[in-house]
J.: 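Have a look at this one before I ask anything.
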Amino acid sequence: MQAAPALRAVSAAEKFQLPLPLPQVLSPYSTAHGVDRYRLTTRPARAQILPGIWTDVLTYGGHFPGPVIRARSGRPVSVEHRNALTTPTSVHLHGASVPADDDGSPMDTIAPGATRRYTYPNRQPHATLWYHDHAHHLESEHVYRGLSGTYLLTDADEAALPLPTGPYDIPLAIRDAALDTDGQLLYTMGDFQHRTTLLTNGVAYPRFDVAARTYRLRLLNTSNLRSLRLRLADSTEIVQIGSDGGLLPHPHPTDTITLSPGERADTIIDFSRYPLGTQLVLENTLLSGGPADQLGQVLRFDIVRTAPDHNHIPPVLRTLPPLPHPTTERTITLSMDETATPTPRPTSNGRTYDPNRIDTHIHHGASEIWTLTNTNNTPPHNLHLHLVQFRILERNGQPPTTPETGLKDTVNLMPGETVKIQATFNTYHGTYLYHCHLIDHAAMGMMAQYKIT
Ligand code: C2O
Ligand code: CU
Ligand code: CU
C-alpha cells in the first residue's frame with residue numbers, strides 16, 4: 001500500500017479571495033475563406049490556483065484551463081495544435097460532429113514537437129462543447145493537469161433569443177483536484193478519494209463579482225471522476241435552459257443541478273432578487289464521504305453593482321425534430337471489479353478497450369436504441385458517444401425528466417441504473433469511440449469503438 005499523500009486543505013481565509021477567471025476568448029489568426037483558423041501550443045505553465053501559490057500545470061496556449069473558442073454553425077473552425085510536451089497528445093472536441101480523422105482518436109496522436117491541424121465543420125446546431133486531451137492512457141493525467149477548454153457553438157436560432165450575452169454569458173468549468181502541501185497537483189490514476197479541492201475556471205473557490213441582473217452560466221463538470229450536485233446556499237431558483245447539446249425545449253426551474261463528468265448544464269440565475277452586498281455561495285451537496293469544508297463549496301457570488309437588464313427566458317427555447325423510427329437495438333453493460341483497487345479493470349460489455357477491435361458495427365443512416373446499464377453496486381459510470389447528440393428515451397423505465405429531454409452526448413448511470421437512448425448515425429462514416437467519461441475508467445479500459453459503414 002502506498003502511504004497516503006499529505007494533502008493541502010484550503011483554509012477558510014484562502015477561499016473566495018481570487019476573482020473568478022473569465023476564460024480568455026481565443027482570437028483567430030485568420031478568418032479568410034469563411035474559416036476561422038487558430039493556433040494553440042500545448043505546453044507546461046504555472047497557474048495561480050490558490051492565492052499567492054504557483055502550481056505547475058499543463059495548458060493550451062498558457063491558459064489553465066484552455067481558452068474559449070467561439071464558433072458559429074455553418075462556419076468551420078480549424079485549430080493547429082503544436083505539442084510542446086514530452087508526451088503524445090490528441091485533441092478531441094467533445095460533443096461535436098466531426099469527420100473521424102479530426103476526432104482526436106486515442107491512437108492518432110501528435111508526437112512531442114509535432115504539429116497537426118484539426119478541422120471542425122460545425123454542421124450542427126448551437127451547443128456548449130468542450131475540447132480535451134484523448135491520447136491513449138495519458139488522457140486522464142493530461143486532462144487532470146489542465147488540458148481542457150470550452151468551445152461555444154452558437155447559431156441563428158439561439159442568437160435570436162433574448163438570453164444574456166457578452167459579459168453575462170460565462171462558462172464555469174468545475175473540477176476537483178488533489179493538492180499537496182506545496183500546492184502542487186497530485187496525480188494517481190483512479191484516485192477519487194484525495195481529489196477534494198474544487199476549482200472553477202482553474203481557481204480554487206473563486207469569488208465572482210456579479211451585477212444584480214440575470215446571468216447565463218454554462219456549467220461544465222470537467223472532473224475526471226467526481227459527480228457534482230450544485231445548488232445556491234439559499235436553495236433558490238436556478239433555471240436550467242440547456243444541456244450537453246444546446247437548449248432544452250423548455251426552461252426548467254429547479255434548485256439543483258446534477259452533473260456527472262463531461263456533462264454540461266446551461267443555466268440562468270437572476271441576481272436581481274438580492275440586495276447589493278449579498279454574498280451567495282454555490283454549494284456542492286454530493287460529498288461522497290469527502291470533507292464537507294472542501295467539497296461542499298464551489299465559489300461565491302458577490303452581488304456588487306446594478307446593471308440594466310433587457311434579457312428574459314422565453315417559455316419555448318427550441319423545437320427538437322421528431323425521433324426517427326429506430327432500426328436496431330443494442331445493450332451496453334458498464335461494470336468494473338469493485339474489489340480490485342487500484343486496477344479495477346473497467347469494462348463495457350465485458351471487454352476492455354482494444355484499438356484494433358471494432359466493438360459495434362453500425363450502418364450509415366441507422367437510428368439505434370441502446371439500453372445502457374451500470375451493473376456495479378458502488379461506482380457511478382456514465383456513457384459518452386463521440387460524433388452524435390442523442391436523446392434519452394427512458395431512465396429506469398420512466399420517461400426522462402425535463403433536464404434530460406434535450407440533446408445529450410453523455411448520460412449519467414448511477415449504480416444499478418438502466419437508461420435507454422436513441423442515436424442517429426447519419427453524418428460521417430468511420431470509427432468513433434464510446435466510453436465511460438469518468439476519464440480514469442476510460443483510461444483503464446472502459447472504452448469501445450463503433451464503426452459506421
Ligand atoms: Cu470528452 Cu471521448 O470524450
Ligand atoms: Cu467526446
Ligand atoms: Cu465508469
Side-chain angles (χ1 to χ4, degrees), residues 23-43 59-61 63 65-85 88-136 139 142-143 147-156 158 171 244-246 262 355 364 384-389 407 409 424-434 449-453:
Q24 295 263 348
V25 177
L26 196 62
S27 300
Y29 69 83
S30 161
T31 57
H33 313 296
V35 180
D36 293 332
R37 290 172 197 277
Y38 297 91
R39 274 193 195 104
L40 278 174
T41 298
T42 307
R43 59 176 176 87
T59 69
Y60 290 116
H63 303 282
V68 175
I69 296 177
R70 283 195 173 266
R72 205 174 171 91
S73 297
R75 188 176 168 90
V77 158
S78 176
V79 190
E80 185 187 281
H81 279 273
R82 187 166 74 83
N83 179 7
L85 305 182
T89 59
S90 172
V91 188
H92 169 60
L93 181 56
H94 177 128
S97 176
V98 306
D101 285 349
D102 290 297
D103 197 42
S105 155
M107 309 308 288
D108 184 12
T109 54
I110 314 174
T115 293
R116 76 161 281 176
R117 177 173 287 288
Y118 296 93
T119 299
Y120 307 128
N122 295 322
R123 275 189 229 126
Q124 69 188 94
H126 70 269
T128 302
L129 307 178
W130 62 303
Y131 58 98
H132 62 77
D133 191 73
H134 223 310
H136 185 42
E139 71 283 62
H142 281 168
V143 171
L147 297 186
S148 69
T150 308
Y151 186 104
L152 300 177
L153 178 62
T154 191
D155 62 13
E158 183 195 41
D244 303 341
H364 188 265
H384 167 54
L385 271 67
H386 284 214
L387 179 68
V388 289
Q389 291 288 339
L407 299 177
D409 55 51
T424 304
F425 302 88
N426 58 2
T427 54
Y428 301 103
H429 294 78
T431 301
Y432 293 89
L433 293 173
Y434 58 96
Q449 303 188 100
Y450 67 80
K451 185 171 185 178
I452 305 167
T453 49

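In this text, all values refer to a predicted model and were calculated from it rather than measured experimentally.
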J.: At their closest point, which heavy atom of A127 faces which heavy atom of G245, and how far apart are they?
T.: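 So the two residues come closest at CB-C, 3.9 Å.
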J.: Please report the shortest heavy-atom distance between P125 and S73, naming the atom on each side.
T.: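 Residues P125 and S73, closest heavy atoms: C-OG, 3.7 Å.
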J.: Taking all non-hydrogen atoms of both residues into account, name the closest pair between A84 and R43 and its distance.
T.: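 Scanning both residues, the minimum pair turns out to be CB-CB, 4.1 Å.
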J.: Side chains of N122 and R75: closer than 4.5 Å at any heavy-atom pair?
T.: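 With C-beta onward as the side chain, the pair stays apart.
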J.: With sequence neighbours excluded, what pairs up with D108 under the side chain to side chain contact (heavy atoms under 4.5 Å, CB included) test?
T.: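 Once residues adjacent in sequence are excluded, the partners of D108 under the side chain to side chain contact (heavy atoms under 4.5 Å, CB included) criterion are S105, R116.
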J.: Quick one: which of Y151, Y60, Y118 gives a ring pair (Phe, Tyr, Trp, His ring centres under 6.0 Å) with Y131?
T.: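 The option that passes is Y60.
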J.: Drop me the distance from D244's CG to L407's CG, to the nearest 0.5 angstrom.
T.: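 Between D244 CG and L407 CG, I get 9.0 Å after rounding to 0.5 Å.
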J.: Has the side chain of D133 got a donor or acceptor atom that lies under 3.5 Å from a matching backbone atom of V91?
T.: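 Not a single qualifying donor-acceptor pair exists.
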J.: What do the steps show when you test V79 against Y120 for side chain to side chain contact (heavy atoms under 4.5 Å, CB included), and what is the final call?
T.: CA-CA 8 Å; V79 190; Y120 307 128; 4.0 Å; yes
J.: Let me confirm one number: the OH-NE2 distance from Y434 to H384, rounded to the nearest 0.5 Å.
T.: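 Nearest 0.5 Å value for the OH-NE2 distance: 13.5 Å.
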J.: Grab the two heavy atoms, one from I452 and one from Y428, that are nearest each other, plus how far apart they are.
T.: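 That would be CD1-O, 3.6 Å.
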J.: Main chain of G95, side chain of Q389: is a donor-acceptor contact present, judged purely on distance under 3.5 Å?
T.: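 Flag set: sc Q389 to bb G95 pair under 3.5 Å.
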J.: Please tell me if the side chains of H94 and L129 come closer than 4.5 Å, counting only heavy atoms from C-beta onward.
T.: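 No, their side chains stay 4.5 Å or more apart.
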J.: Specify the closest pair of heavy atoms between S148 and P65, including all atoms of both residues, with the distance to one decimal.
T.: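 Minimum heavy-atom separation between S148 and P65: O-CB, 3.4 Å.
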J.: So, taking the atom named CZ in R72 and the one named CG in D155, what distance separates them when rounded to the nearest 0.5 Å?
T.: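 Interatomic distance, R72 CZ to D155 CG, rounded to 0.5 Å: 7.5 Å.
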J.: Would you check if the side chain of Y450 reaches a backbone N or O of H386 as a donor-acceptor pair within less than 3.5 Å?
T.: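 Checking the backbone N and O of H386 against the side chain of Y450, a donor-acceptor pair under 3.5 Å is found.
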J.: Distance check, rounded to the nearest 0.5 Å: L387 atom CG versus L93 atom CG?
T.: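 Nearest 0.5 Å value for the CG-CG distance: 11.5 Å.
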J.: Atom OG in S90, atom CG in D103: separation rounded to 0.5 Å?
T.: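 Reported value, rounded in 0.5 Å steps: 8.5 Å.
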J.: What distance do T115 atom OG1 and H81 atom NE2 have between them, rounded to the nearest 0.5 Å?
T.: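 Rounded to the nearest 0.5 Å, the OG1-NE2 separation comes out at 10.5 Å.
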J.: A side-chain contact here means heavy atoms from C-beta on lying under 4.5 Å apart; do R117 and R37 qualify?
T.: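 Result yes, sub-4.5 Å side-chain heavy-atom pair found.
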J.: Is the shortest heavy-atom distance from the side chain of P99 to the side chain of T119 under 4.5 Å?
T.: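 Side chain of P99 against side chain of T119, heavy atoms only: no contact under 4.5 Å found.
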J.: Could you check whether any side-chain heavy atom of S78 comes within less than 4.5 Å of a side-chain heavy atom of S30, counting everything from C-beta outward?
T.: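 Contact flag for S78/S30 side chains = no.
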J.: Which atom names give the shortest non-hydrogen contact between L26 and P67, and what distance separates them?
T.: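 Nearest pair, atom of L26 first, then P67: CD1-CG, 3.9 Å.
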J.: Is there side-chain contact between V35 and V77, with at least one heavy-atom pair below 4.5 Å?
T.: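 Result no, sub-4.5 Å side-chain heavy-atom pair not found.
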J.: So do P106 and L433 actually touch side chain to side chain, heavy atoms under 4.5 Å?
T.: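 When only atoms from C-beta onward are counted, P106 and L433 do touch, with a gap below 4.5 Å.
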J.: Please work out whether the ring planes of H92 and H132 are parallel, tilted or perpendicular, with thresholds of 30° and 60°.
T.: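 The rings of H92 and H132 stand perpendicular, inter-plane angle above 60°.
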J.: Check whether any side-chain N or O of E158 sits under 3.5 Å from a backbone N or O of H126 as a donor-acceptor pair, and report yes or no.
T.: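 Checked: no pair found.
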J.: Does any non-hydrogen side-chain atom of T427 lie less than 4.5 Å from one of R123?
T.: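 The answer is no; the side chains never approach within 4.5 Å.
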